[in-house]
Amino acid sequence: MRALTWQGKRSVSVETVPDPAIKESNDAIIRVTSTAICGSDLHLYEVLAPFLAKGDVLGHETMGVVEEVGPDAGDLSVGDRVVVPFNISCGTCWMCSRGLFAQCETTQVRETGKGASLFGYTSLYGAVPGGQAEYLRVPQAQFGPVRVPEGVPDERYLYLSDILPTAWQAVEFADVAEGDTLAVFGLGPVGQLTTRIALHRGVRVIGVDLLPERLETASGRGVEVIDLREADDVSAAIFDLTSGRGADGTVDAVGMEAHGSPVAKAAITAVGVLPDALAKPLTDRFAIDRLAALHAAIKSVRRGGTVSVSGVYGGEVDPMPMMEMFDRGITMRMGQCHVRRWTDDILEVLNQDDDVLGVETLATHRPSLEDAPAAYEMFQKKADGCLKVVLKP
């Protein structure tokens, strides 16, 4: 089959690799019909390169049609149309029974001290081949895959794999109610969906970014926007918009590679040129992140408010404004999304006749799988107004 493979820092290519096969009795094989490039895939392009091997198949936003099932794949059947959650969970362990599917004890990667295995996401998370390919082996198929209806475009349901439940969890974790104010930092795909979910719930939304096309997209759906290129102090601007109190909840939808963190960027770049044997421990145990978005989210929330972190972070020694956080009594909630915890609720919205959340028009580019390397570069550089890329094998 053809698959998008990692070849080195800022280097990916589409190669012919062996077709996946059933390895465990609860596996399934799907023929991929749509697969997306996620913002967190770009971390593999840069920061997390020491944990990848040449030839690793990338991708964790995937849907398709079931081609083969193992004898213990539950009631999954050949021909089912499914979306595959990016985290691999069993559904029955102690963690899963509490809805903590991203911490599944059956698939935890204990040798690296990480949570549930992830598709296409480094040796830290199990080195499981990803879904930017023509076919995908799906472990724990008795629980993971989400059946979706026929007769509707893939993109109505594709984002159930990751970014839509990630955005849903971001709003849930922010603990905002109808009439409250939510400030969302970063208006990429997750940020856009976060704003739409919050607006759908009757929450006032303020969105923060610096790219004109992202600000325009959010504003067009009713978000009050703050342009980072024009705001000298974004937190002060949010306080001005909230009667001096601050937002009831804030969401960091950016993560470890935020703009406005030049010192941290230099440190990350320096680690990135080291041999893997040296870079791995530095990245895993002593790394720092670019924290501009997170610090702004902390400083923009009201006293007693909640900061929800959906952006991916990888550092171990990040400096935090602890006195301010303690004095203001804020709550922080974060972590990998527990995808299957939210999918039933999201399906109720997606199955409505109207595309309520605008998911079918979120993607700006739909190249073939063969054009994935150029799409990665475009997405990283945010060129050509690129907001979301969906690949077609």
Side-chain angles (χ1 to χ4, degrees), residues 3-6 10 12 32-49 51-52 56-64 83-88 102 115-122 124-126 128-133 136 144 146 154-155 157-170 186-194 214 251-258 293 309-314 335-339 342-343 346 357 359 362-367 369 371-382 386-393:
L4 190 283
T5 65
W6 187 88
R10 300 191 202 98
V12 295
V32 177
T33 56
S34 292
T35 180
I37 302 176
C38 181
S40 58
D41 285 330
L42 299 182
H43 303 322
L44 310 183
Y45 223 46
E46 294 276 355
V47 181
L48 298 177
F51 299 98
L52 288 157
D56 281 352
V57 179
L58 305 184
H60 59 267
E61 296 186 9
T62 310
M63 70 176 294
V83 175
V84 182
F86 76 96
N87 41 30
I88 303 170
S117 297
L118 309 179
F119 286 102
Y121 216 79
T122 80
L124 289 172
Y125 287 97
V128 181
Q132 289 169 1
L136 175 68
V146 180
D154 274 10
E155 287 168 46
Y157 297 104
L158 172 61
Y159 306 130
L160 277 171
S161 58
D162 179 355
I163 60 172
L164 189 49
T166 294
W168 194 278
Q169 178 171 292
L187 296 174
V190 170
Q192 296 286 346
L193 292 175
T194 300
R214 295 186 175 190
V251 171
D252 171 4
V254 180
M256 66 172 76
E257 296 184 78
V309 183
S310 59
V312 175
Y313 284 93
Q336 298 281 10
C337 179
H338 307 296
V339 176
W342 315 113
T343 49
I346 298 171
L357 300 178
V359 291
L362 181 68
T364 52
H365 296 76
R366 298 172 178 85
L369 178 65
D371 294 326
Y376 261 80
E377 182 178 6
M378 174 180 63
F379 191 28
Q380 187 199 39
K381 293 180 177 178
K382 301 177 177 63
C386 184
L387 175 62
K388 184 66 176 176
V389 177
V390 174
L391 302 171
K392 298 293 184 179

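Contact annotation: the side chain of Ser161 never approaches that of Thr62 to less than 4.5 Å [non-hydrogen atoms, C-beta and beyond]. Between Leu164 and Leu357, the closest side-chain pair of non-hydrogen atoms falls below 4.5 Å. Counting heavy atoms from C-beta outward, Leu362 and Ile163 have side chains that approach closer than 4.5 Å.
Pairing each heavy atom of Cys386 with each of Thr364, the nearest pair is CA-OG1, 3.5 Å. Residues Thr33 and Lys392 approach most closely at O-CD, 3.8 Å, considering heavy atoms. Pairing each heavy atom of Val389 with each of Pro367, the nearest pair is CG1-CD, 3.7 Å. Contact record, Thr35 with Gly131: OG1-O, 3.2 Å, taken as the closest heavy-atom pair. Here the shortest heavy-atom pairing between Tyr159 and Ala363 reads OH-CB, 3.6 Å. For the residue pair Pro393 and Leu391, the shortest heavy atom distance occurs at CD-O, 3.5 Å.
Distance check, rounded to the nearest 0.5 Å: CZ of Phe379 to CG of Leu387 gives 7.0 Å. Rounded to the nearest 0.5 angstrom, Cys38 SG and Asp162 CG are separated by 4.5 Å.
A salt bridge is defined here as a Lys NZ or Arg NE, NH1 or NH2 lying under 4.0 Å from an Asp or Glu carboxylate O, and Glu61 with Lys388 meets this definition.
For Tyr121, the ring-ring contact (aromatic ring centres under 6.0 Å, His included) test picks out His60, with sequence neighbours left out. The salt bridge (Lys or Arg N to Asp or Glu O under 4.0 Å) check on Asp154 picks up Arg81, with sequence neighbours excluded. With sequence neighbours excluded, the residues that form a side chain to side chain contact (heavy atoms under 4.5 Å, CB included) with Ala3 are Met1, Val17, Val57, Ala133. Partners of Tyr376 according to the ring-ring contact (aromatic ring centres under 6.0 Å, His included) rule, which considers only residues two or more places apart in sequence or in another chain, are Tyr45. Considering only residues two or more places apart in sequence or on other chains, Pro373 meets the side chain to side chain contact (heavy atoms under 4.5 Å, CB included) condition with Leu4, Val12, Val14. Every side chain to side chain contact (heavy atoms under 4.5 Å, CB included) that Ser117 has, sequence neighbours left out, goes to Ile88, Thr107, Val109, Val128.
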Test side-chain contact (heavy atoms from CB on, under 4.5 Å) on Val359 and Leu193; report intermediate values, then the result. CA-CA 8 Å; Val359 291; Leu193 292 175; 4.0 Å; yes
Would Leu52 and Leu58 count as a side-chain contact (heavy atoms from CB on, under 4.5 Å) if you check the C-alpha gap in whole Å, the side-chain angles of each, and the deciding distance to 0.1 Å? CA-CA 10 Å; Leu52 288 157; Leu58 305 184; 4.1 Å; yes
Could you walk me through whether Cys337 and Phe86 satisfy the side-chain contact (heavy atoms from CB on, under 4.5 Å) test, starting with their C-alpha distance in whole Å, then the side-chain angles of each, then the deciding distance to 0.1 Å, before giving a yes or no? CA-CA 9 Å; Cys337 179; Phe86 76 96; 4.1 Å; yes
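Under a 3.5 Å cut-off, the side chain of Ser310 and the backbone N or O of Thr166 do not form any donor-acceptor pair. Between the side chain of Gln169 and the main chain of His338, a donor-acceptor pair closer than 3.5 Å is present. Using modelled atom types, no side-chain atom of Gln132 and backbone atom of Leu369 make a donor-acceptor pair closer than 3.5 Å.
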